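Here the structure is laid out as structure tokens; the discussion comes afterwards.
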Amino acid sequence: HQAGEASTPEDPAIFEKRVRHSMQKAERALISLTDKDGCAAFAGALAGLGTELLSTGGTAGVLRAAGLRVVEISDFTGFPEMLDGRVKTLHPKVHGGILFRRDNAEHQRQCLGNGILPIDIVAVNLYAFRETVADPACTLDNAIEHIDIGGPTLLRAAAKNFHDVTVIVDPADYPQVLAELKDKGHTELETRFRLARKVFALTSAYDAAIGQWLDRLDLASLPGCRD
């Protein structure tokens, strides 16, 4: 909707289609974590349910060490990780797979035409920015490199499309997600909505922490700043 435009109730037939799509099996999960606590067990349970695992860097290494088959994001997209890790998941094959509406025939047509596969579960947490800048020895460059870009983008995309995608930012939510997948083959809409709210609360606080830290800096007094 454009700014100021009133939201209209969803057509019952469209809502029914969305409910049916929400009950489909999770084909693919993207797991990219700073906090890797419990991730191998979580990913192993997903794999046991027939879900393909996509991952990046260190998380992929942890999952492989646990004996799991993992597809690296660079292999999934056909595009290498680059710029010292600044660009890993920022690719249409990733964000298209998260954001397309499963009940929308035109979205489906565009995905098919562009080789975009669905990503139904996104488990991501963010670079530890607060902890990094709390260290008195933290440099400006180190702080800047701990401003997460890909993580919040993935989380916001998945949370926006909560009708179709389960987004997990907190390992404490792994058990409920797995229980629902095992019981019904899908997560409940109410669960996906709760998890989406959790994401937007987190990303809002994350951005606020970055803004507050920048507000305390005097750029002119900082060494190494480029003009």
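What you see is a predicted model, and the numbers here were worked out from it, not measured in a lab.
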Between Lys198 and Asp173, does any NZ, NE, NH1 or NH2 come within less than 4.0 Å of an OD or OE carboxylate oxygen? yes

Arg28 side chain vs Glu52 backbone, donor-acceptor pair below 3.5 Å: no

Do Val71 and Ile116 sit in one hydrophobic cluster, given that two such residues count as connected whenever their side-chain heavy atoms are within less than 4.5 Å of each other, even indirectly? no

If you measure only the distance, is there a donor-acceptor pair under 3.5 Å linking the side chains of Thr187 and Arg192? yes

Grouping I, L, V, M, F, W and Y whenever their side-chain heavy atoms are under 4.5 Å apart, do Leu68 and Val62 come out in a common cluster? no

Would Ser32 and Thr59 count as a side-chain hydrogen bond (donor to acceptor under 3.5 Å, both in side chains) here? Give the steps. CA-CA 6 Å; Ser32 183; Thr59 306; 4.8 Å; no

Looking at Ile98, is its backbone amide N or carbonyl O close enough to the side chain of Asn161 to form a donor-acceptor pair, meaning the two atoms are under 3.5 Å apart? yes

Can Arg64 and Glu72 be counted as an ion pair, charged N to O under 4.0 angstrom? yes

Test your reading of the model: is there a side-chain donor-acceptor pair from Glu180 to the backbone of His186, 3.5 Å cut-off? no

Is there a path of hydrophobic side-chain contacts, each under 4.5 Å between heavy atoms of I, L, V, M, F, W or Y residues, that connects Leu53 with Phe76? yes

Tell me whether Gln108 contacts the main-chain N or O of Arg102 through its side chain, where contact means a donor paired with an acceptor under 3.5 Å. yes

Separation between CD1 of Ile168 and CG of Asn125, rounded to the nearest 0.5 Å: 11.0 Å

For Phe200, does the six-membered ring have the charged nitrogen or CZ of Arg197 within the cation-pi criterion, i.e. under 6.0 angstrom from the centroid and within 45° of the normal? no

For the backbone of Arg101 and the side chain of His107, can you confirm whether one donor and one acceptor N or O come within less than 3.5 Å of each other? yes

Do side-chain atoms of Asp120 reach the backbone of Val165 as a donor and acceptor pair under 3.5 angstrom? no

According to the interplanar angle, ranging from 0 to 90°, do the rings of Phe42 and Tyr174 count as parallel (below 30°), tilted (30 to 60°) or perpendicular (above 60°)? parallel

What are the two closest heavy atoms between Leu33 and Cys39, and how far apart are they? CD1-CB, 3.3 Å

Check whether any side-chain N or O of Thr51 sits under 3.5 Å from a backbone N or O of Glu27 as a donor-acceptor pair, and report yes or no. no

